[in-house]
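All remarks here apply to the structure that follows.
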Amino acid sequence: MDRKQLQHQVASTRRSLFDQGYLDDQFIQLEHLQDEANPNFVEEVVRLFYSDSVRLIQNIEQAMINKSNIDFGKLDDYMHQFKGSSSSIGAKKVMKECSKFREYCYAGNIEGCIKIFQLLKQEHATLRRKLETYFQLVKQAGLAESA
């Protein structure tokens, strides 16, 4: 693929992330912070989000193991952290699922929490795959530019 095609594919992939509701304006704010001194800033922030969110997912799963003794306050605290982390990269669909989860926590509905948590993990994984593809294209386009 030539440079122009790669650049078009990068732009198209990026646009689809917004059009499909995966990302919001916070992602654009991160991009504005990226510069020549920090050319991989956005990718690094996203990588940190995913490494941190793995820990949060494990904590939430652990907190939901014993359905008869659920600490909804603790679950809500974990999900509040998850939502904040998601917000920092503009992960719009993930944040939406976090909000739904928290509503089920407030209602004391563990079955609702479990159901939404599965959807949240799916959105989380889907966004990860899409962003990995996007960052790979960005790198390829950057290599094509310098060639």
Side-chain angles (χ1 to χ4, degrees), residues 1-65 72-107 109-147:
M1 214 181 293
D2 73 6
R3 183 176 137 206
K4 197 166 189 107
Q5 287 174 312
L6 278 170
Q7 289 172 336
H8 176 72
Q9 193 170 3
V10 166
S12 176
T13 300
R14 181 183 177 278
R15 187 171 43 255
S16 75
L17 288 167
F18 288 93
D19 291 347
Q20 295 173 15
Y22 286 101
L23 295 175
D24 66 18
D25 290 344
Q26 181 59 35
F27 190 82
I28 296 169
Q29 297 301 317
L30 284 177
E31 290 177 324
H32 288 300
L33 296 174
Q34 186 164 291
D35 57 19
E36 290 176 15
N38 252 331
N40 300 320
F41 178 75
V42 176
E43 185 177 6
E44 290 171 15
V45 170
V46 168
R47 192 174 318 122
L48 286 171
F49 162 73
Y50 276 100
S51 64
D52 187 50
S53 62
V54 165
R55 177 187 55 81
L56 286 170
I57 287 170
Q58 290 171 344
N59 289 345
I60 293 165
E61 287 173 338
Q62 190 66 38
M64 290 193 304
I65 283 177
F72 286 102
K74 182 184 278 189
L75 272 179
D76 185 57
D77 287 346
Y78 288 143
M79 194 53 67
H80 180 71
Q81 291 175 40
F82 200 130
K83 185 177 179 185
S85 295
S86 301
S87 174
S88 72
I89 68 160
K92 188 175 179 178
K93 285 188 177 186
V94 174
M95 286 187 303
K96 183 178 171 186
E97 298 304 327
C98 289
S99 293
K100 289 179 188 176
F101 184 97
R102 294 186 75 199
E103 288 173 20
Y104 281 115
C105 277
Y106 296 144
N109 183 339
I110 189 59
E111 296 306 322
C113 288
I114 291 168
K115 179 182 155 200
I116 291 299
F117 190 58
Q118 295 310 313
L119 293 173
L120 184 149
K121 290 193 300 184
Q122 288 174 6
E123 291 296 349
H124 180 264
T126 299
L127 179 61
R128 183 179 202 153
R129 285 190 303 274
K130 288 181 177 288
L131 286 172
E132 285 172 350
T133 299
Y134 170 70
F135 290 129
Q136 187 60 40
L137 286 170
V138 167
K139 284 180 184 170
Q140 289 174 2
L143 292 174
E145 273 182 30
S146 62

Quick check: does any side chain N or O of [X] sit under 3.5 Å from a backbone N or O of [Y], one acting as donor and the other as acceptor?
| X | Y | result |
| --- | --- | --- |
| Ser53 | Phe49 | yes |
| Gln26 | Ser87 | no |
| Asn109 | Gly112 | yes |
| Asp25 | Ile28 | no |

Is any side-chain heavy atom of [X] closer than 4.5 Å to a side-chain heavy atom of [Y]?
| X | Y | result |
| --- | --- | --- |
| Lys100 | Lys115 | no |
| Ser86 | Lys83 | no |
| Tyr22 | Val94 | no |
| Leu48 | Asp52 | no |
| Met95 | Asp24 | yes |
| Lys92 | Phe18 | no |

Give the minimum heavy-atom separation between [X] and [Y], together with the two atoms involved.
| X | Y | result |
| --- | --- | --- |
| Leu120 | Met79 | CD1-SD, 3.7 Å |
| Glu43 | Phe135 | CA-CZ, 3.7 Å |
| Gln5 | Asp2 | N-OD1, 2.8 Å |
| Leu127 | Ala91 | CD2-CB, 3.5 Å |
| Tyr50 | Leu131 | CE1-CD1, 4.5 Å |
| Leu75 | Cys105 | CB-SG, 3.7 Å |

When rounded to the nearest 0.5 angstrom, what is the spacing between [atom1] in [X] and [atom2] in [Y]?
| X | Y | atom1 | atom2 | result |
| --- | --- | --- | --- | --- |
| Arg128 | Glu123 | CZ | CD | 15.0 Å |
| Asp77 | Asn59 | CG | CG | 11.0 Å |
| Arg55 | Ile57 | CZ | CD1 | 11.0 Å |
| Thr13 | His8 | OG1 | NE2 | 9.0 Å |
| Leu33 | Phe41 | CG | CZ | 5.0 Å |
| Leu30 | Glu44 | CG | CD | 11.5 Å |

What I want to find out is whether Lys93 reaches Glu97 closely enough, with some N-O distance under 4.0 Å, to be called a salt bridge.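 No, Lys93 and Glu97 are not salt-bridged.
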So Arg102 and Ser99, side-chain hydrogen bond (donor to acceptor under 3.5 Å, both in side chains) or not? Walk me through it. CA-CA 5 Å; Arg102 294 186 75 199; Ser99 293; over 6 Å; no
Quick one: which of Phe101, Tyr106, Tyr104 gives a side-chain contact (heavy atoms from CB on, under 4.5 Å) with Asp76?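 With Asp76 as partner, Phe101, Tyr106, Tyr104 yield a single side-chain contact (heavy atoms from CB on, under 4.5 Å), made by Tyr106.
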Between Arg47 and Glu132, is the side-chain contact (heavy atoms from CB on, under 4.5 Å) condition met? List the steps. CA-CA 10 Å; Arg47 192 174 318 122; Glu132 285 172 350; over 6 Å; no
Which word best sums up how the rings of Tyr134 and Phe27 line up, parallel for under 30°, tilted for 30 to 60°, or perpendicular for over 60°?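 Rings of Tyr134 and Phe27: perpendicular, as their planes differ by over 60°.
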In terms of heavy-atom contacts, does CD of Gln29 have more than 12 from other residues, nucleotides or ligands at under 6.0 Å?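 Enclosed.
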Take atom NZ in Lys96; do more than 12 heavy atoms of anything else shown fall under 6.0 Å from it?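 It does not: Lys96 NZ has 12 such atoms or fewer within range.
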Criterion side chain to side chain donor-acceptor pair (under 3.5 Å) against Thr126, the qualifying member of Arg129, Lys130, Gln122: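 Of the listed options, the one satisfying the test is Arg129.
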